[in-house]
Number of protein chains: 2
Amino acid sequence: MATGRTHRPATRSRGIPEATVARLPLYLRALTALSERSVPTVSSEELAAAAGVNSAKLRKDFSYLGSYGTRGVGYDVEYLVYQISRELGLTQDWPVVIVGIGNLGAALANYGGFASRGFRVAALIDADPAMAGRPVAGIPVQHTDELEHIIESNGVSIGVIATPAGAAQQVCDRLVAAGVTSILNFAPTVLTVPDGVDVRKVDLSIELQILAFHEQRKAGEETGQESGQEGGTPTAVARAASAEADRKGPDGDVPAVMPA
Amino acid sequence: MATGRTHRPATRSRGIPEATVARLPLYLRALTALSERSVPTVSSEELAAAAGVNSAKLRKDFSYLGSYGTRGVGYDVEYLVYQISRELGLTQDWPVVIVGIGNLGAALANYGGFASRGFRVAALIDADPAMAGRPVAGIPVQHTDELEHIIESNGVSIGVIATPAGAAQQVCDRLVAAGVTSILNFAPTVLTVPDGVDVRKVDLSIELQILAFHEQRKAGEETGQESGQEGGTPTAVARAASAEADRKGPDGDVPAVMPA
DNA sequence: CTTTGTGAAAGACTTCACAGCC
DNA sequence: GGCTGTGAAGTCTTTCACAAAG
């Protein structure tokens, strides 16, 4: 989905399905909670419930990692935590840079879950000279001019983009040129990257629209109305269609959360 | 994925695949940009490129909505904007409440894309009495005690949870009890909701872990090493495993962005 | 008797490739 | 000639259901 292409032609087997990879962090979180409560083992049924998936799926997922369970008993919590952590690459340190320290960037910098699990905020970068030097979450913000230098001297391979949409592609290009190969994009834009670079996006607006779709569907079902061709409300649509234009300032973008 | 269940047993046809629904907002964004530039028509090829998908997929997606294109020509931009907006339910106003006005909640409240496209921030809610009355993004924060009242009097059906993980389920329960049927969850927890309620989650930590997985894989490939059973670094893992425990304060949760 | 691990079946999504219409 | 719309093929994902292991 967000993964440009997994890798070259065909790597030797051991291919864990993308859908499974996306669930491993979920299992890991549930397992960590169990570990804290010193629970020694879990059944696929219990763990699945804690992670919000069904047990067959969980067992199939784990089968791609190997046979780490014991029939009739379940899985050893500590051991599974270890195996999943290793599989996800969390046994090493990942220095991360956050570019765009607006409301959202600051929120991300303060995010506790960031620091845990091997992710370390190596630097905060912003284009606003007024921000430079000011500490956010205890880390001094650095100017965009330093970007390449920071990436290279810290060996950063993961970058988080929290800039306005208008600046995202440009920032992305610089990150990639400097050596970043994985990007988490919060700006509402499609980023173009060369092969070999992974991009994942988080887009509030898209999530809300998906919810609205289902919400509308529920409402229609309730009153028994088929959402066929009822003519709609053109006026309302016209408003929606021009909404984007409205928030666009003279030079293309108005800051805000992701924006700004 | 995040959708508990789409609906009852089987609604009368017209079922747009979930994967397609998830891409409609993407197309809509690209189309809106074209509309602003007064581009009258687009081919599936051009629009697909702008949305970052391939053209066959886009055509198939549009085919679920109906036949809105013209062979040999392409799609009428304005008309498509209208049709997609209507399909997504963006022709009506969706009052939204944001619960948990920490760093992240404030960032969301300030998000411009929120206000556009029919979403309107009806209220900001926080459990901290000190926050009450203070305006964020021009909207005064209200205390959690008001939650039910706010939901009911504003007819809110979409709620955004940006509280610490520890408070999320409780807030969720109250939102649902008060009538909310769609939830966007930023807290790193699995929410349990009754049938008929949709939950979508946005989880920074999970996205980073997925990136780390691919990043690790790239590194291994590069040096030609098979990531088989190299023993790993148990020490590092032990650290990662207990990370969650470390950030947990005396009373269960420390504020920050999502966590807090 | 319990619970895993997994072939096989079912289902969802994507891509191909081309007939059909402009 | 150009481009959409779509069956059919291909791929990925989930679910079933049960043999095998403890």
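Both backbone and side-chain heavy atoms feed into the values below; hydrogens, waters and symmetry mates do not. The sequence lines fix the lettering, A, B, ..., with proteins before strands; numbering per chain opens at 1.
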**Q** Given atom NZ of A/Lys57 and atom P of C/dA12, what is their separation to the nearest angstrom?
**A** 12 Å
**Q** Testing the basics here: between A/Glu45 and A/Ser55, what is the closest heavy-atom pair and its distance to 0.1 Å?
**A** OE1-OG, 3.4 Å
**Q** Quick one: does any side-chain atom of A/Glu46 pair with a main-chain N or O of A/Ser43 as donor and acceptor, under 3.5 Å?
**A** yes
**Q** Taking for each residue the nucleotide of DNA chain D bearing the nearest heavy atom, is the 5' side occupied by A/Thr70 or by A/Thr20?
**A**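 Nearest nucleotide further toward 5': that of A/Thr20.
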**Q** Rounded to whole angstroms, how far apart are CD on B/Glu45 and P on C/dC16?
**A** 12 Å
**Q** Where do A/Glu215 and B/Thr181 land on the side chain to side chain donor-acceptor pair (under 3.5 Å) test, with the steps shown first?
**A** CA-CA 7 Å; A/Glu215 198 57 42; B/Thr181 46; 2.5 Å; yes
**Q** Before accepting this row, confirm whether a basic side-chain N of the pair A/Arg217/B/Asp198 lies closer than 4.0 Å to the acidic partner's carboxylate O.
**A** no
**Q** Please state how far atom OH in B/Tyr64 lies from atom P in C/dA12, giving the value in whole angstrom units.
**A**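 From B/Tyr64 OH to C/dA12 P: 11 Å.
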**Q** To the side chain of B/Ser67, which of D/dT6, C/dT15, C/dT6 is closest?
**A** D/dT6
**Q** Distance check needed: C/dG5 C1' versus A/Tyr68 OH, whole Å only.
**A**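 The distance from OH of A/Tyr68 to C1' of C/dG5 comes to 14 Å, rounded to the nearest Å.
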**Q** Starting the side chain at C-beta, find the nucleotide from D/dG5, C/dT4, C/dC13 nearest to B/Arg59.
**A**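 Taking heavy atoms from C-beta onward, the closest nucleotide is D/dG5.
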**Q** Output the single nucleotide from C/dT15, C/dT4, D/dT15 whose closest atom is nearest the side chain of A/Lys60.
**A**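 That would be D/dT15.
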**Q** Round to a whole Å and report the spacing from CG of A/Leu80 to P of C/dT4.
**A**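 My rounded result for the distance is 11 Å.
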**Q** Counting the atoms with a prime plus P, OP1 and OP2 as sugar-phosphate, which does A/Tyr75 contact under 4.0 Å by heavy atoms, base, sugar-phosphate, or nothing?
**A**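 Touches sugar-phosphate only.
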**Q** Are B/Asn54 and C/dT15 close enough that a side-chain N or O sits under 4.0 Å from OP1 or OP2?
**A**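 Yes, such a contact exists.
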**Q** Can you tell me the distance, in whole Å, between the CD1 atom of A/Ile16 and the P atom of D/dT13?
**A** 12 Å
**Q** Rounded to the nearest 0.5 Å, what separation is found between the OG1 atom of B/Thr32 and the CD atom of B/Glu78?
**A**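 So the gap between those two atoms works out to 9.0 Å.
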**Q** Rounded to the Å, how far apart are B/Leu58 CG and D/dG5 P?
**A** 10 Å
**Q** To the side chain of A/Ser63, which of C/dT6, D/dT13, C/dC13 is closest?
**A**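 Nearest to the side chain of A/Ser63 among the choices is C/dT6.
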**Q** For the base of C/dT3, is there a side-chain donor-acceptor partner from A/Arg71 under 3.5 Å away?
**A** no
**Q** Would you mind telling me which of C/dT14, D/dC3, C/dC13 lies closest to the side-chain atoms of B/Glu18?
**A** C/dC13
